[in-house]
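Have a look at the structure below, then the notes.
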Amino acid sequence: MTAVVVVGAQWGDEGKGKIVDYLAESADVVARYAGGPNAGHTLVVGGDKVIVRLVPSGILRHDKMCIMGHGMVVDPALLVEEIDDLHKRGHHVDGRLFISYRAHLILPHHILADGLREQALSAANAIGTTRRGIGPAYEDKAARRGLPAVALRDLDRATELVDRTLQAWAPFFAASGQALPRTQDVIDNLRPLAERIVPLLADTSQLLDDQLRAGHSVLFEGAQGTLLDIDHGTYPFVTSSSAIAGGACTGSGIGPRALSRVVGAAKAYVTRVGGGPFPTELEDAAGEHMKKVGAEFGSVTGRPRRAGWLDLPALRYAVRVNGLDSLVLTKLDVLTGIDPIRVCVAYDRPDGRTSVLPVDRFDHLDNISPVYEELPGWSEPIDKVRRFEDLPAAARGYVDYIEKACGIPCDLISVGPGREAIMVRRHPFEA
């Protein structure tokens, strides 16, 4: 029995989907435990580009069981749309995809409320939400008025639940001048979707426990990144769920002792979509290089990502709060042609210098200046390199520098979008 968790070690968009797709070859089960359709994973297999937003990335491996855990929030219309798209591409989910009875549904009013709230915020205070209804859906869940997926089995009885949650939102919609969706319209729209989704519902916690007790390997897939975690991220510019490794337990229904290894995915630089602090953000030629060469656009929204130098204080923070055993370094090839390469090693702030991510103030990343060290860059293309030993000396030195700074090894190194562009120094399922 081996259970490996893959989490984002930055602000999301670290290439977790590709890594999960790659590692899924060694797993029997792939389970996603948090988030909703705000988390797009871009996969390139055989030249075919596939973006999955809800279904676990392991679905492209046709012999794998895939589980959507109860820590997720699910837009039923988008889920059916995604399943249909996968079917058209030859990736059938029947008998392989299971959705937790306890996963909560994103309803039309969640999406409307998300957009209205974001629209009302000033540019400086905007969260940068994807406006997919994720936050309001989790809000209803926490307020004990959400609609769990199991309610799709009896929509007549679910009518009362939908009416209750809509009435709770009525004052907000009235103040916004927006018409509140009608309860019956919501139920009627859910009926054809329920016919497709109900056969996929299951007690996924029990399924996972059965698989682990049978000695099978499980790969847990996170969403977003550590610095977007509701408890541990750069609040309030965060997502609404647990994006760290601990969420694998709470969001899937397995105990922490079942976990064998925790792997953190990190880009060789840093990107962020949406608002919020970003100490190492660049608005110069190096930043434009990262955006252009790295094709830095959000998988879900298509918005351009902000880009900057690698932030070691933030990365060490991710190592600590996740208990990372190792790193997966992605997009190393994007840094080709940048010389020198800068790395943030500390922050200067009014009360002194710190080499850790400060959390002692509400505006903990405002009014700070990154402290950089410079490393030599390289000009040789590395996208075709398949062994670490064959990388240019400067590229190897960059990886070594990160390992020493974080105190953990880089298990995998990615130098391109395809499955084949991954160097394996130590396989997480064999560690």
Side-chain angles (χ1 to χ4, degrees), residues 8-11 13-15 225-227 234 264-272 276-291 293-294 296 305-322 324 326-360 364-380 382 385 388 391-415 423 425:
Q10 296 164 326
W11 275 289
D13 306 305
E14 303 95 346
T226 298
L227 299 177
T234 51
K267 279 179 181 168
Y269 48 104
V270 184
T271 60
R272 179 167 194 166
F278 189 173
T280 66
E281 183 174 7
L282 295 173
E283 296 181 357
D284 59 9
E288 289 305 311
H289 173 100
M290 295 171 187
K291 295 176 188 178
V293 178
E296 295 298 353
R305 298 176 182 135
R306 302 150 67 190
W309 299 116
L310 185 66
D311 187 330
L312 287 177
L315 189 53
R316 284 192 292 263
Y317 176 79
V319 171
R320 174 166 60 85
V321 299
N322 288 290
L324 295 184
S326 61
L327 289 171
V328 173
L329 194 65
T330 65
K331 293 198 171 183
L332 182 63
D333 56 305
V334 172
L335 296 183
T336 299
I338 301 178
D339 191 11
I341 295 172
R342 306 182 81 191
V343 179
C344 173
V345 296
Y347 308 125
D348 275 338
R349 64 180 195 173
D351 56 351
R353 178 169 294 186
T354 176
S355 60
V356 299
L357 189 76
V359 296
D360 57 344
H364 52 282
L365 287 179
D366 290 340
N367 301 314
I368 68 169
S369 300
V371 179
Y372 290 111
E373 287 189 6
E374 292 188 349
L375 301 174
W378 61 92
S379 59
E380 307 94 314
I382 63 173
V385 177
F388 179 75
L391 286 171
R396 296 197 307 272
Y398 185 66
V399 176
D400 290 341
Y401 184 90
I402 295 170
E403 289 182 323
K404 291 176 183 176
C406 293
I408 57 174
C410 287
D411 280 349
L412 308 176
I413 300 170
S414 173
V415 293
M423 302 176 209
R425 303 175 73 196

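For the atom pair OG of Ser414 and CG of Asp333, the computed distance is 6.5 Å after rounding to the nearest 0.5 Å. For the atom pair CD (Glu14) and NZ (Lys331), the distance works out to 10.5 Å, reported to the nearest 0.5 Å. One distance of note links CD of Gln10 with CG of Leu227; it measures 8.0 Å at 0.5 Å rounding. Rounding to the nearest 0.5 angstrom, the gap separating the CZ atom in Arg342 from the OG1 atom in Thr280 is 10.5 Å. The structure places CH2 of Trp309 at 4.5 Å from CE of Met290, a figure rounded to the nearest 0.5 Å. To the nearest 0.5 Å, the span separating CZ on Arg425 from CG on Leu327 amounts to 11.0 Å.
Smallest separation of non-hydrogen atoms from Cys410 and Leu329: SG-CB, 4.4 Å. Among all heavy-atom pairs drawn from Gly287 and Ala307, the shortest one is O-CB, 4.1 Å. Closest approach of Arg306 to Pro277, counting heavy atoms only: NH2-C, 4.4 Å. Shortest non-hydrogen contact noted between Trp11 and Thr271 is CB-O, 3.7 Å. Contact record, Pro370 with Pro279: CG-O, 3.5 Å, taken as the closest heavy-atom pair.
Atom CD of Glu374 has more than 12 neighbouring heavy atoms from other residues, nucleotides or ligands inside a 6.0 Å radius.
Leu375 pairs by the side chain to side chain contact (heavy atoms under 4.5 Å, CB included) definition with Val343, Tyr398, Tyr401, not counting sequence neighbours. Under the side-chain hydrogen bond (donor to acceptor under 3.5 Å, both in side chains) criterion, Asp348 pairs with Arg353, sequence neighbours left out.
Of the possible donor and acceptor atoms, none in the side chain of Ser379 sits under 3.5 Å from a partner among the backbone N and O of Gly337. Not a single donor-acceptor pair under 3.5 Å links the side chain of Asn322 to the backbone N or O of Leu324.
In this structure the side chain of Ile368 never reaches within 4.5 angstrom of the side chain of Thr354, judged on heavy atoms. Looking at Met423 and Leu391, their side chains come closer than 4.5 Å, going by heavy atoms from C-beta outward.
If you check the side chains of Thr234 and Arg272, you find a donor sitting under 3.5 Å from an acceptor. Side-chain contact of Thr336 with Trp378: a donor-acceptor pair under 3.5 Å is present, judged by distance alone.
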(request) Evaluate side-chain contact (heavy atoms from CB on, under 4.5 Å) for Tyr269 paired with His289, printing each intermediate quantity in order. (result) CA-CA 11 Å; Tyr269 48 104; His289 173 100; over 6 Å; no
(request) Could you walk me through whether Asp284 and Leu282 pass side-chain contact (heavy atoms from CB on, under 4.5 Å), step by step? (result) CA-CA 6 Å; Asp284 59 9; Leu282 295 173; 3.5 Å; yes
Acceptor/donor pairs from residues 310-321 side chains to any protein atom, 3.5 angstrom cut, sequence neighbours excluded:
from, atom 1, to, atom 2, distance (Å)
Asp311, OD1, Ala314, N, 3.1
Asp311, OD1, Tyr347, OH, 2.8
Asp311, OD2, Tyr347, OH, 2.8
Arg316, NH2, Val345, O, 3.4
Arg316, NH2, Ser355, O, 2.9
Tyr317, OH, His232, O, 2.8

